[in-house]
Amino acid sequence: QVQLVESGGGLVQAGGSLKLSCAVSGRTSSIYTMGWFRQAPGKERDSVAVISWTAGITDYADSVKGRFTISRDNAKNTVYLQMNSLAPEDTAVYYCAVGFAWTMERTGYAYWGQGTQVTVSS
């Protein structure tokens, strides 16, 4: 079992920045990939960014490339999502998740946090 707790969401004006954190506990030795996803009202949960737990390889959704940065601190068992140049369309509940293979597909992730709300005002 793996437990995840997100934090760092909030309300920010367009053009602003936020940094999300995801603390991971439990059987962390089995983790291969960590991912950030987001879900806006009435929409599906989409991938935002993923990072391999050991090598630190990253990948991003096209909509956030150049604005968002995913990183991890293995010593702290924490994954971060630095979000810059935020726009109203970034408004969503953001979730972190644990996967056991390299993928950006939601179905490849087995454990999920409770989510943190990010709201970007225009």
Side-chain angles (χ1 to χ4, degrees):
Q1 289 282 351
V2 178
Q3 295 79 40
L4 305 98
V5 178
E6 302 102 333
S7 61
L11 174 64
V12 64
Q13 289 188 332
S17 298
L18 280 175
K19 187 173 185 177
L20 306 182
S21 299
C22 175
V24 187
S25 61
R27 296 187 63 181
T28 58
S29 61
S30 61
I31 296 173
Y32 189 90
T33 307
M34 293 292 300
W36 283 100
F37 294 76
R38 66 185 181 187
Q39 187 167 18
K43 296 188 177 181
E44 292 190 350
R45 190 172 299 185
D46 293 327
S47 62
V48 175
V50 299
I51 187 167
S52 61
W53 189 243
T54 54
I57 300 169
T58 60
D59 201 2
Y60 298 89
D62 288 342
S63 59
V64 306
K65 282 181 180 177
R67 299 189 299 126
F68 290 12
T69 302
I70 188 171
S71 62
R72 89 268 190 252
D73 184 332
N74 295 73
K76 295 182 178 180
N77 284 342
T78 301
V79 177
Y80 305 97
L81 185 68
Q82 176 67 48
M83 305 184 293
N84 299 328
S85 301
L86 284 162
E89 51 265 37
D90 294 316
T91 295
V93 178
Y94 283 70
Y95 299 88
C96 67
V98 166
F100 301 105
W102 179 250
T103 180
M104 291 194 75
E105 295 295 325
R106 180 186 61 198
T107 54
Y109 290 77
Y111 297 98
W112 295 82
Q114 81 287 353
T116 185
Q117 177 71 47
V118 172
T119 303
V120 185
S121 63
S122 58

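Computed over heavy atoms, backbone and side chain alike; hydrogens, waters and symmetry mates excluded.
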Tightest non-hydrogen contact, residues Trp36 and Val79, listed as NE1-CG1, 3.5 Å

Is Tyr80 close to Lys19 at the side-chain level, that is, under 4.5 Å between some pair of heavy atoms?
yes

Pairwise distance OG(Ser52) to CZ(Arg72) - rounded to 0.5 angstrom:
6.5 Å

Backbone N or O of Trp53 within a donor-acceptor pair of the Asn74 side chain at under 3.5 Å?
yes

Side chains of Arg38 and Ser63 in contact at under 4.5 Å (non-hydrogen atoms):
yes

Taking all non-hydrogen atoms of both residues, which atom of Thr78 and which atom of Ser21 are closest, and how far apart?
CG2-CB, 4.3 Å

Look only at the side chain of Thr116 and the backbone of Tyr94, and say whether a donor-acceptor pair between them is shorter than 3.5 Å.
no

To the nearest 0.5 Å, what is the distance between CD on Gln3 and CZ on Arg27?
11.5 Å

Hey, are the side chains of Ile31 and Tyr111 touching, using non-hydrogen atoms and a 4.5 Å cut-off?
no

Take a 6.0 Å sphere around CD of Glu105 and say whether it holds more than 12 heavy atoms from other residues, nucleotides or ligands.
no

Could you state whether Leu18 and Val64 fall into the same hydrophobic cluster, counting links through intermediate Ile, Leu, Val, Met, Phe, Trp or Tyr residues with side-chain heavy atoms under 4.5 angstrom apart?
yes

Quick check: do Leu86 and Gln13 have side-chain heavy atoms less than 4.5 Å from each other?
no

Closest heavy-atom pair, Ser17 versus Ser85, reported as atoms and distance to 0.1 Å, is OG-N, 4.4 Å

When Ile, Leu, Val, Met, Phe, Trp and Tyr are grouped by side-chain heavy atoms lying under 4.5 Å apart, directly or through other members, which residues fall in the same group as Ile57?
Tyr32, Phe37, Val50, Val93, Tyr95, Trp102, Met104, Tyr109, Trp112

Neighbour count >12 (heavy atoms, 6.0 Å) for atom CD, Gln114
yes

Membership question, hydrophobic clusters at under 4.5 Å side-chain separation (ILVMFWY): are Leu20 and Val2 in the same one?
yes

What are the two closest non-hydrogen atoms of Pro88 and Ser121, and how far apart are they?
CG-C, 4.5 Å

Would you call Leu4 and Met34 a side-chain contact if the rule is heavy atoms closer than 4.5 Å?
yes

Approximate separation, where rounding is to 0.5 Å, of Ile51 CD1 and Ile70 CD1:
5.5 Å

Set out, in order, the CA-CA distance, both residues' side-chain angles and the distance that settles side-chain contact (heavy atoms from CB on, under 4.5 Å) for Asp90 and Met83, then state yes or no.
CA-CA 9 Å; Asp90 294 316; Met83 305 184 293; over 6 Å; no

For Arg106 against Glu44, the heavy-atom pair lying closest together:
NH1-CB, 4.2 Å

Would you sort out whether Tyr60 and Arg67 count as a side-chain contact (heavy atoms from CB on, under 4.5 Å), showing the intermediate values?
CA-CA 10 Å; Tyr60 298 89; Arg67 299 189 299 126; over 6 Å; no

Just verifying a value: how many Å separate Gln117 CD and Leu11 CG, rounded to the nearest 0.5 Å?
9.5 Å

Contact summary for Ser122 and Ala14, nearest pair of heavy atoms
CA-CB, 4.3 Å

